Amino acid sequence: MLMKPNQQILDEASNWFVDFRAGDIDTRARQEFHQWLRRSPEHIQAYLDISATYAELPSPTTNGELDVQALIAKARVTADL
């Protein structure tokens, strides 16, 4: 059973994920990211967890809004697992 990464590692993974999604990654940053991943299996797991969470997010409606109540309901169900 995999342990949940600590909050600092999740924050770092989130920052890397956002940087990659925004396209703010140059060659040096990519090398730093690879070094960060190689430092710990926890880093890899945290990055995979963040990306999986992103992939599960619903698409916004045509007006760009998310159904916040649906997100809250899904979070409650997931927390109960």
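No experiment lies behind these values; they were computed from the predicted model shown. Counting begins at 1 with the first residue of the sequence.
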> Residues two or more places apart in sequence or in another chain: which of them pass side-chain contact (heavy atoms from CB on, under 4.5 Å) with Q31?
Replying inline: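 Q31 satisfies side-chain contact (heavy atoms from CB on, under 4.5 Å) with T27 only.
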At what distance, to the nearest 0.5 angstrom, does [atom1] of [X] lie from [atom2] of [Y]?
X   : Y   : atom1 : atom2 : value
E32 : R28 : CD    : CZ    : 5.0 Å
I50 : F20 : CD1   : CZ    : 14.5 Å
W16 : Y47 : CH2   : OH    : 9.5 Å
W36 : I9  : CH2   : CD1   : 7.0 Å
E42 : L37 : CD    : CG    : 13.0 Å

> For R38, which residues count as a salt bridge (charged side-chain N to carboxylate O under 4.0 Å, His left out) partner, sequence neighbours excluded?
Replying inline: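 None.
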> Going only through I, L, V, M, F, W and Y residues with side-chain contacts under 4.5 Å, is there a path from F17 to L48?
Replying inline: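 Shared cluster, yes.
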> For D11, what residues pass the side chain to side chain donor-acceptor pair (under 3.5 Å) criterion, not counting sequence neighbours?
Replying inline: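 D11 satisfies side chain to side chain donor-acceptor pair (under 3.5 Å) with Q7 once adjacent residues are dropped.
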